[in-house]
Amino acid sequence: MIRTHQAGTLRAEHAGQTVTLAGWVARRRDHGGVTFIDLRDGSGVVQIVFRSTEEAHALRNEFCVKVTGTVGARPEGNENPELPTGAIEVTVTDLEVLSEAAPLPFPIDEHVTVGEEARLRHRYLDLRRDTQARYIKLRSRANAIAREVLGEREFLEIETPTLTRSTPEGARDFLVPVRLQPGSWYALPQSPQLFKQLLMVAGMERYYQIARCYRDEDFRADRQPEFTQLDIEMSFVTQDDIIELGEAIVGALWKELAGYELQAPLPRITYHEAMDRYGSDKPDLRYSVELKDLTAYFAGTDFRVFQADYVGAVVMPGGAAQTRKELDGWQDWAKARGARGLAYVVLDAETGEARGPVAKNLSEAHLTGLADAVGAKPGDAVFFAAGARHASQELLGAARIEIAKRANLIDESAWAFCWIVDAPMFEKTDDGAWTAVHHPFTSPNEEWLDRFEEAPDKALAYAYDIVCNGNEIGGGSIRIHRGDVQRRVFTLLGITEAEAKDKFGFLLDAFQYGPPPHGGIAFGWDRVCMVIAGTDSIRDVIAFPKSGNGFDPLTGAPTPITGQQRKEAGVDAKPKEAVKA
RNA sequence: GCCGACGUAGCUCAGUGGUUAGAGCACCCGCCUGUCGAGCGGGUGGUCGAGGGUUCGAUUCCCUUCGCCGGCGCCA
């Protein structure tokens with residue numbers, strides 16, 4: 001090594017030692033006769049002092065330098081308690097500029113906010129910033145912790161192909177042309193789902209992988225076209241076994257990275273209960289504000305809008321104090337989400353009288369009983385949604401989150417976990433057919449195994465999601481391992497035998513040879529790291545993330561290809577057999 | 001695909017239908033021996049995202065377009 005110590009590790013006990021350091025000029029304070037420089041390396045920052053000012057004068061921000069000097073206690077009164085190294089400084093006797101830095105496109109400074117585009121274009125500079133570097137380091141530790149927990153439990157880390165066949169998730173595939181077979185294409189995996197099931201058939205019993213996955217869908221703050229899953233599958237297990245494992249992993253992560261002791265077992269909430277109480281399948285349990293079903297309460301109302309399959313409400317504590325403009329703002333908020341609006345009633349802070357545009361449509365009895373029915377107090381506002389049950393609950397669920405934000409009900413220091421269990425097997429598509437909510441290999445639970453056809457809309461699966469502070473951080477299921485059940489599911493989904501054989505015949509083939517009962521879970525690893533890091537963008541925990549539209553501001557990818565590449569790749573080749581849509 | 005916000009110096013932002021578009025930081029030069037987001041003085045730096053329109057005159061108003069961010073749709 002060309003250095004003897006790491007800058008951030010120097011302490012008072014090093015006083016008197018001669019050390020050689022290497023790092024970057026983080027900041028310079030040039031007083032003419034004496035110059036202070038904050039020297040930064042991967043471990044932190046230490047102040048170095050130049051008495052001979054000539055050479056220090058030429059140094060600029062982010063020059064990469066090597067210095068030799070003597071560690072000494074700082075003069076009385078000049079200590080900096082803000083810095084771990086603040087008790088000492090290194091007086092430089094020898095300086096070598098390892099490389100110079102051009103003027104920076106943006107300051108490497110925690111105090112200055114810089115636009116994301118500039119940061120990503122020069123991500124290698126962005127990552128020199130302490131906060132950003134910490135996110136990346138945290139992720140590395142998260143990987144190590146997961147491997148440790150799984151290794152102890154005798155899981156095998158097994159890689160699966162990234163050039164593969166389209167798997168049955170619902171998203172659009174990224175496709176790769178195949179030079180050796182013009183007209184045929186690989187798909188990049190949306191997850192290693194089928195491969196991990198094949199590994200179970202192969203007797204690998206306990207598999208995991210930190211797997212890159214690809215989905216060609218639009219972006220969000222917590223979605224990238226390529227992302228990472230901690231992907232896990234086990235044989236001979238029940239749902240409880242997977243949940244226990246999930247809690248062990250999450251427990252280890254939060255203990256070591258967030259200093260939080262997980263209270264296992266975590267609460268389990270059924271999917272339907274979550275929708276009824278929180279209007280979400282990933283409820284944020286850091287605050288209460290629950291939905292109230294008022295369908296029965298308003299039965300027989302003259303108000304047309306409330307003559308619906310479902311009428312629900314959510315209370316905003318103190319919401320009556322909102323200005324007319326703020327209350328109108330909720331209407332715009334609801335319309336932006338595709339709703340007609342958000343009916344509301346405010347309860348007078350003094351009298352508790354129910355007022356508002358909707359109040360005049362409601363009977364005296366309904367108005368006077370409302371506060372009790374929804375659990376509201378004088379001074380609160382009550383928001384209503386009426387219509388189709390699921391959509392109305394989702395609107396109220398979104399309102400619940402917005403209420404918590406606006407009324408400052410979120411304890412930012414809290415961790416609230418839960419499992420959402422008993423997810424439905426199927427849901428109706430727009431054209432009236434059934435589709436798998438999870439994926440078509442998800443097992444019905446015991447209760448529905450023999451009769452899910454009787455009421456597909458009510459049938460429940462052995463499927464579970466783990467939720468933290470309103471983020472779905474992982475999810476999985478027990479898989480179908482019986483051929484007859486799998487065939488019945490395909491039949492319900494309208495997948496013919498020929499289609500099934502064509503799409504995933506290799507899996508069905510494998511399942512002819514004594515497949516073990518198995519199940520698994522996948523953690524959205526970027527999201528897990530994001531949540532632990534306490535940031536609100538997945539891009540913070542990805543070393544080189546893409547920006548909107550899949551553009552990489554650093555490399556400029558994607559780029560057009562040359563005619564030669566196009567020809568060789570076989571992009572335009574016609575497949576030998578026509579493929580059905 | 002839809003909705004909303006934003007786009008002015010390298011960075012973060014202010015500003016205006018009318019003379020030469022500003023500030024802080026960065027950068028360059030100088031001063032300065034105890035700073036720690038050092039300080040002081042001077043200087044360089046602008047296609048006001050792009051195109052079109054209205055106007056005597058547009059960075060400012062209008063339209064289109066591009067980029068970016070957030071959300072909806074989409075993504076089990």
Side-chain angles (χ1 to χ4, degrees), chain A residues 26-39 45-53 56-58 60-62 74-83 85-86 89 91 101-122 125-126 167-173 190-191 193 213-225 227 271 281 332-339 394-395 398 401-402 423-427 429-430 435-442 461 463 465 472 475-477 493 522 524 536-537 539 546-549 551 553:
Chain A
R27 190 165 283 122
R28 100 198 126 94
R29 294 175 292 278
D30 186 346
H31 290 246
V34 62
T35 300
F36 303 101
I37 281 175
D38 291 339
L39 184 76
V45 173
V46 71
Q47 172 163 288
I48 62 177
V49 186
F50 290 83
R51 304 269 171 208
S52 59
T53 61
H57 195 67
R60 290 294 180 271
N61 283 340
E62 300 306 317
R74 294 196 188 186
E76 186 80 34
N78 283 302
E79 302 86 356
N80 185 349
E82 305 285 308
L83 293 177
T85 59
E89 59 193 6
T91 303
L104 301 169
F106 54 83
I108 314 291
D109 186 336
E110 290 297 317
H111 303 92
V112 180
T113 56
V114 180
E116 191 164 36
E117 203 186 347
R119 287 174 37 212
L120 294 184
R121 194 163 57 242
H122 304 278
L125 294 178
D126 189 35
T167 50
E169 282 81 6
R172 226 170 271 121
D173 285 318
Q190 296 180 26
S191 79
Q193 181 60 38
C213 308
Y214 307 86
R215 292 178 191 176
D216 187 7
E217 295 292 345
D218 287 1
F219 286 60
R220 282 288 188 287
D222 62 352
R223 276 187 353 221
Q224 285 266 304
F227 63 98
Y271 171 87
D281 59 1
D332 297 333
W333 173 89
K335 281 172 187 156
R337 309 186 61 88
E394 282 190 327
L395 178 64
I401 296 169
E402 196 62 26
M425 285 279 293
F426 308 104
E427 64 186 355
T429 60
D430 293 336
T435 182
V437 170
H438 199 61
H439 58 59
F441 311 108
T442 301
D465 289 340
E472 183 199 321
S477 64
L493 295 174
D536 52 11
S537 170
R539 294 186 290 267
K546 289 170 178 53
S547 71
N549 302 323
F551 181 70

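Throughout, a chain's letter reflects where its sequence line sits, starting with A, and its residues are numbered from 1. FYI, side chains are in, hydrogens and waters are out, and symmetry mates aren't considered; it's all heavy atoms of this structure.
Remark: A:R172 CZ to A:D216 CG distance equals 6.0 Å, nearest 0.5 Å. A:F227 contributes atom CZ, which lies 8.0 Å from atom CD of A:Q190 (distance to the nearest 0.5 angstrom).
Comparing B:G70, B:G10, B:C74 by their closest approach to the side chain of A:D218 singles out B:C74. Set against B:G30, B:U35, B:A76, the side chain of A:E89 has B:U35 as its closest nucleotide. In this structure, the nucleotide among B:A76, B:G37, B:A26 sitting nearest to the side chain of A:D109 is B:G37. Listed nucleotides B:A76, B:C74, B:C68 differ in distance to A:E117; the shortest reach to its side chain belongs to B:C68. Among the nucleotides B:C27, B:G70, B:C75, the one closest to the side chain of A:R539 is B:G70. You'll find that the side chain of A:R60 is closest to B:C29, out of B:G37, B:C32, B:C29. Nearest nucleotide to the side chain of A:S547, out of B:C69, B:A26, B:C11: B:C69.
Nucleotide B:G22 has B:C13 as its partner under the Watson-Crick or G-U criteria, with both atom distances under 3.5 Å. When both distances must be under 3.5 Å, the Watson-Crick or G-U wobble mate of B:G4 is B:C69. Using Watson-Crick or G-U wobble geometry with both donor-acceptor distances under 3.5 Å, B:U59 finds no partner in any strand shown.
Residue contacts for A:P75: at a heavy-atom cut-off of 4.0 Å it reaches a base atom on one of the strands shown. Residue contacts shown for A:A221 are limited to sugar-phosphate atoms, with no base heavy atom under 4.0 Å away. Among the heavy atoms of the strands lying under 4.0 Å from A:V114 are primed sugar atoms or P, OP1, OP2 only; no base atom is included. Contacts of A:N549 with the nucleic acid, taken as non-hydrogen atoms under 4.0 Å apart, involve only primed sugar atoms and P, OP1 or OP2. Within 4.0 Å of A:R223, counting heavy atoms only, lies at least one base atom of the nucleic acid. At the heavy-atom level, A:E82 lies nowhere under 4.0 Å from the strands shown. At the heavy-atom level, A:E472 lies nowhere under 4.0 Å from the strands shown. Note on A:G86: nothing from the nucleic acid sits closer than 4.0 angstrom, heavy atoms only.
One atom, CG of A:L104, and another, P of B:C28, lie 10 Å apart when rounded to the nearest Å. For A:E402 and B:G71, the CD to C1' distance is 11 Å, given to the nearest whole Å. One interatomic measurement links the two molecules: NE2 of A:H57 to P of B:C29, which rounds to 7 Å at whole-angstrom precision. If you take CD of A:E217 and C1' of B:C75, they are 5 Å apart, rounded to a whole angstrom. In this structure, the CZ atom of A:R119 is 12 Å from the C1' atom of B:C69, given to the nearest Å. The distance from atom CZ of A:R28 to atom C1' of B:G39 is 13 Å, rounded to the nearest whole Å. The separation between A:R337 atom CZ and B:C2 atom P is 20 Å, rounded to whole Å. Taking atom CZ on A:F106 and atom P on B:C27, their separation rounds to 14 Å, with Å as the unit.
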(message) Using side-chain contact (heavy atoms from CB on, under 4.5 Å), reason through A:Y271 and A:D465 one step at a time and then give a plain yes or no.
(response) CA-CA 9 Å; A:Y271 171 87; A:D465 289 340; over 6 Å; no

(request) Kindly indicate, with the supporting measurements, whether the criterion ring pair (Phe, Tyr, Trp, His ring centres under 6.0 Å) is fulfilled by A:H31 and A:F36. (result) CA-CA 8 Å; A:H31 290 246; A:F36 303 101; 5.6 Å; yes

(request) Determine, step by step, whether A:D38 and A:R29 satisfy the salt bridge (Lys or Arg N to Asp or Glu O under 4.0 Å) criterion, reporting the C-alpha distance in whole Å, the side-chain angles of both residues, the deciding distance to 0.1 Å, and the verdict. (result) CA-CA 9 Å; A:D38 291 339; A:R29 294 175 292 278; 2.9 Å; yes

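Rounded to a whole angstrom, the distance from the P atom of B:C25 to that of B:A21 is 22 Å. Using C1' as the reference atom, B:C29 and B:C13 are 27 Å apart when rounded to the nearest Å. Spacing of P atoms, B:U19 relative to B:C2, comes out at 39 Å, to the nearest Å. Of the C1' atoms belonging to B:G51 and B:A58, the separation is 14 Å, rounded to the nearest Å. Distance noted for atom C1' between B:A9 and B:G43: 15 Å (whole Å). Nucleotides B:C72 and B:C56 have their P atoms positioned 47 Å apart, rounded to a whole Å. B:C28 sits 7 Å from B:U44 when the C1' atoms are compared, rounded to a whole Å. With C1' as the reference atom, B:A26 and B:G37 are 13 Å apart, rounded to whole Å.
Applying the 3.5 Å distance criterion, the base of B:G4 shares no donor-acceptor pair with the side chain of A:D332. Side-chain atoms of A:R220 and base atoms of B:G73 include a donor and an acceptor less than 3.5 Å apart. Within 3.5 Å, no donor on the side chain of A:R215 pairs with an acceptor on the base of B:C75, nor the reverse. Residue side chain A:R74 reaches the base of B:U35 through a donor-acceptor N/O pair under 3.5 Å, judged by distance alone.
Between B:U12 and A:T113, no contact under 4.0 Å exists linking OP1 or OP2 to a side-chain N or O. Proximity of A:N78 to the phosphate of B:U35: a side-chain N or O atom is located under 4.0 Å from OP1 or OP2. Under 4.0 angstrom from either OP1 or OP2 of B:C36 there lies no side-chain N or O belonging to A:R29.
Put simply, the side chain of A:Q224 never gets that close to the backbone of A:R539: no donor and acceptor are under 3.5 Å apart. Checked by atom type and distance alone, the side chain of A:R223 pairs as donor or acceptor with a backbone atom of A:D218 at under 3.5 Å. Between the side chain of A:N80 and the backbone N or O of A:E82, at least one donor-acceptor pair lies under 3.5 Å.
Looking at A:E89 and A:P75, their side chains come closer than 4.5 Å, going by heavy atoms from C-beta outward.
Each of A:S537 and A:R172 has a nearest nucleotide on RNA chain B; the 5'-most of these lies closest to A:S537.
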